[in-house]
Amino acid sequence: MAAMQIRRLRLGAAFVLLTYLILHFSNHALGLYSLDAMEAGRRWFLLIWRSPLGTLALYGAIVVHGGLGLWLFYQRRTLRMPGWEAAQYALGLVLPALLASHVVGTRVAWWHTGSDDRYARLLLFFWVQAPERGAWQAVALAAAWTHACIGVHYWLRFRPWYPRVAGALFTVALLLPTLALAGFVAGGREVTVLARSPGWTEALMRATHPPGATEAAALGRIRSGFLDAYLGALGAVLAARGVRTLWQRRRSIRILYPAGRVVTVPVGFSVLEASRVAGIPHASVCGGRGRCSTCRVRVVRGLADLPPASEAEQRLLARVGAAPDVRLACQARPVRDVAVVPLLAPSIAAADAFGSDVRQGREQEIAVLFADLRGFTRVAEHKLPYDVVFILNRYFEAVGGAIQRAGGIPNQFTGDGVMALFGIETRAEELQVPLQIGIGIHAGPAIVGRMGYGEGVYLTAVGDTVHVASRLEQLTKEYRCLLVLSEQVASRAAIDVSAFPRHEVTVRNRGGLVAVRVIDDLGRLESA
């Protein structure tokens, strides 16, 4: 729970800093209109951020966000991570060094010397006196914005509404810094022209009171002291990580993965960190922050020896209906040898982060329907390939829509194995005889899960119920009917089928008989 509170505190600080960046960039963008517009916007900007409350919020957020960032960096057991996460960490770690000169030259100079850091003086410095510093400043702001955008994206991507607004947010994220940079350039050009006017620069210096040589030296010492302190803190974190690693290597555990792969790591590593150290692909949409469930694993040996799941982990696992032997790989830190099986494909998308736990398989009662299009091979012999594909696609569209409206899930379309009723009517004049269908439906227990390999993983079901339903569909050919329905389905659906012929049939590789009803007229079934 403490880790969750730390992340929430750091997220709150990040929101303050993001708000500051948005307003700062918007102020820069006013340069597209005029230098005077930039100065007018700056007065409102300073009214917020140089007030006592704004100052406390801004610099408190800097200290909290940066300090907790170093703490979380220390907490990581391995520096192997996805590219996006590495980019965010790297940008976050270099930002203090990139922004130190700007902060000292503006806010700190205003505090200590009373210097007025208005846009005209800063743009004169960045465009005329030290243009290389202007380029450096643009790089620093771009790094800060990129760091913030990565964080916002990976925070929002679990929200169900995010895919609908992601395009608009990306447009804003691209447009705002572009306008800010354009305003910075336009303002710089205006100042460059003004600087050629006799006496303009001297008048600006008298009005803004820039630091003198002694004051500039004092500010330089402040900047150097901050950088030394920050680099010292970063070095201390790296040293502490090294000492911890040496200490933990005194006691190691082994984690067994599928295919007999064994990874040896120090005690304290999470299962996800062990996967990363060994280069084993492992799903982790949230980057191992415990905010999704995609890294979950089934613990096949050593479950009792794992430290208990935290309340937050229990909530996440309950949300996806995970079995009792399932844990989050990013939260489970074994103290003894364990054997695990990752449950989700490494390439899973963020939209599936909270999908039900079906990869491991789960037995449940379902109804299975098989349908076949009768005589379509003969029809296709006299059609062009394009026409065959068109008919089949309309056929799939009609059947898939009907299944979904009835609350089902279209599972597999193979060949012409689904009925075609409404979609084919638009081209019925081209068919010499009406298309006929055969459907078999059975209900009972089956194992439901995501099965397959690589890109071919999909939701399906296996078991006796599926086998029987397939057999009933085949029987429609023998009985020359539209539907063969097991009495189990009729009973559970509360359908009166007493008016239809009853048969008891055998199913290959299965003992016992299956009682079925033969339906030759679907209209009679509805009225019954």
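Nothing here was measured: the structure is a model prediction, and the numbers come from that model.
- The cationic group of Arg50 lies under 6.0 Å from the six-membered ring centre of Trp110 and within 45° of the ring axis, placing it in a cation-pi geometry.
- In this structure the side chain of Val326 never reaches within 4.5 angstrom of the side chain of Val299, judged on heavy atoms.
- Formation of a donor-acceptor pair under 3.5 Å by the Tyr230 side chain with backbone atoms of Leu93 is found in this model.
- With hydrogens and angles disregarded, no donor-acceptor distance shorter than 3.5 Å links the side chain of Glu39 to the backbone of Arg118.
- Of all the heavy atoms in Leu181 and Ala138, the pair that sits closest is CD1-CB, 4.4 Å.
- Pro210 is listed as a side-chain neighbour of Arg121, based on a closest heavy-atom distance under 4.5 Å.
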For this session: Would you check, one step at a time, whether the test side chain to side chain contact (heavy atoms under 4.5 Å, CB included) holds for Asp305 with Val338?
Result: CA-CA 8 Å; Asp305 294 330; Val338 294; 5.7 Å; no
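- Using cut-offs of 30° and 60° on the angle between ring planes, the pair Phe45 and Trp49 is tilted.
- Side-chain contact, Arg296 with Ser293: a donor N or O sits under 3.5 Å from an acceptor N or O.
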Problem set entry | Check against salt bridge (charged side-chain N to carboxylate O under 4.0 Å, His left out), Glu311 and Arg315 | CA-CA 6 Å; Glu311 182 181 346; Arg315 285 199 304 269; 3.3 Å; yes
For this session: Would you sort out whether Glu273 and Arg333 count as a salt bridge (charged side-chain N to carboxylate O under 4.0 Å, His left out), showing the intermediate values?
Result: CA-CA 9 Å; Glu273 288 168 339; Arg333 298 184 181 276; 3.1 Å; yes
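- Aromatic ring centres of Phe184 and Tyr119 lie farther apart than the 6.0 Å criterion allows.
- The side-chain heavy atoms of Ile62 and His65, taken from C-beta on, include no pair separated by under 4.5 Å.
- Taking the side chain as every heavy atom from C-beta outward, Val191 and Trp200 approach each other to under 4.5 Å.
- A distance of 12.5 Å separates NE2 of His24 from CG of Leu17, quoted to the nearest 0.5 Å.
- Within the model, atoms CH2 of Trp145 and CD1 of Ile150 stand 12.5 Å from one another, a figure rounded to the nearest 0.5 Å.
- With Glu190 contributing its side chain and Ser34 its backbone, the two residues share no donor-acceptor pair below 3.5 Å.
- In this structure, Gln331 CD and Ser310 OG are separated by 5.5 Å, a value rounded to the nearest 0.5 Å.
- When all heavy atoms of Val64 and Ala13 are compared, the closest pair comes out as CG1-CB, 4.0 Å.
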Problem set entry | Derivation of the side chain to side chain contact (heavy atoms under 4.5 Å, CB included) call for Ser26 and Leu176 | CA-CA 7 Å; Ser26 299; Leu176 183 57; 3.9 Å; yes
Exercise. For Asp337 and Leu256, what are the C-alpha separation, side-chain angles and deciding distance, and is it a side chain to side chain contact (heavy atoms under 4.5 Å, CB included)?
Worked result: CA-CA 8 Å; Asp337 294 353; Leu256 177 65; over 6 Å; no
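- Considering only heavy atoms from C-beta on, Leu123 comes within 4.5 Å of Met38 through its side chain.
- The cationic atom of Arg241 (NZ for Lys, CZ for Arg) lies less than 6.0 Å from the six-membered ring centre of Phe73 and within 45° of the ring axis.
- Looking only at distances, a side-chain donor or acceptor of Glu215 sits under 3.5 Å from a matching main-chain atom of Gly212.
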Exercise. For His153 and Phe170, what are the C-alpha separation, side-chain angles and deciding distance, and is it a ring-ring contact (aromatic ring centres under 6.0 Å, His included)?
Worked result: CA-CA 9 Å; His153 170 69; Phe170 177 77; 9.7 Å; no
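- Leu219 places a side-chain heavy atom less than 4.5 Å from the side chain of Val108.
- In plain terms, the two heavy atoms of Ala97 and Leu227 that are nearest each other are CA-CD2, 3.7 Å.
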For this session: Report the C-alpha separation of Val300 and Val341 in whole Å, then their side-chain angles, then the decisive distance to 0.1 Å, and conclude whether the side chain to side chain contact (heavy atoms under 4.5 Å, CB included) test is met.
Result: CA-CA 7 Å; Val300 297; Val341 177; 4.0 Å; yes
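- Using cut-offs of 30° and 60° for the angle between ring planes, the Phe25 and His28 rings count as parallel.
- Between Asp117 and Arg42 there is a salt bridge, since a side-chain N of the basic residue sits under 4.0 Å from a carboxylate O of the acidic one.
- Closest of all the heavy-atom pairs between Ala140 and Leu99 is CB-CD2, 3.7 Å.
- The backbone N or O of Cys330 lies less than 3.5 Å from no partner atom in the side chain of Glu313, so there is not a single donor-acceptor pair.
- One distance of note links SG of Cys149 with OH of Tyr154; it measures 12.5 Å at 0.5 Å rounding.
- Rounding to the nearest 0.5 Å gives a distance of 4.5 Å between CG of Leu272 and OG of Ser284.
- For Phe15 and Trp155, the ring centers are positioned less than 6.0 Å apart.
- At a threshold of 4.5 Å between non-hydrogen side-chain atoms, the residues Ile280 and Tyr257 count as touching.
- Within the 4.5 Å cutoff, no side-chain heavy atoms of Ile255 are placed close to those of Thr264.
- Taken from CD in Gln137 to NE2 in His102, the straight-line distance is 4.5 Å, to the nearest 0.5 Å.
- If you look at Trp111 and Tyr59, their ring centroids are closer than 6.0 Å.
- Arg261 places a side-chain N or O within 3.5 Å of a backbone atom of Ala278 that can act as its donor or acceptor partner.
- Shown here is Trp247, whose CH2 atom has no more than 12 heavy atoms of other residues, nucleotides or ligands within 6.0 Å.
- Atom CZ of Arg254 has 12 or fewer heavy atoms from other residues, nucleotides or ligands within 6.0 Å.
- Relative to the six-membered ring of Phe269, Arg276 misses at least one condition, a distance below 6.0 Å or an angle of at most 45° to the axis.
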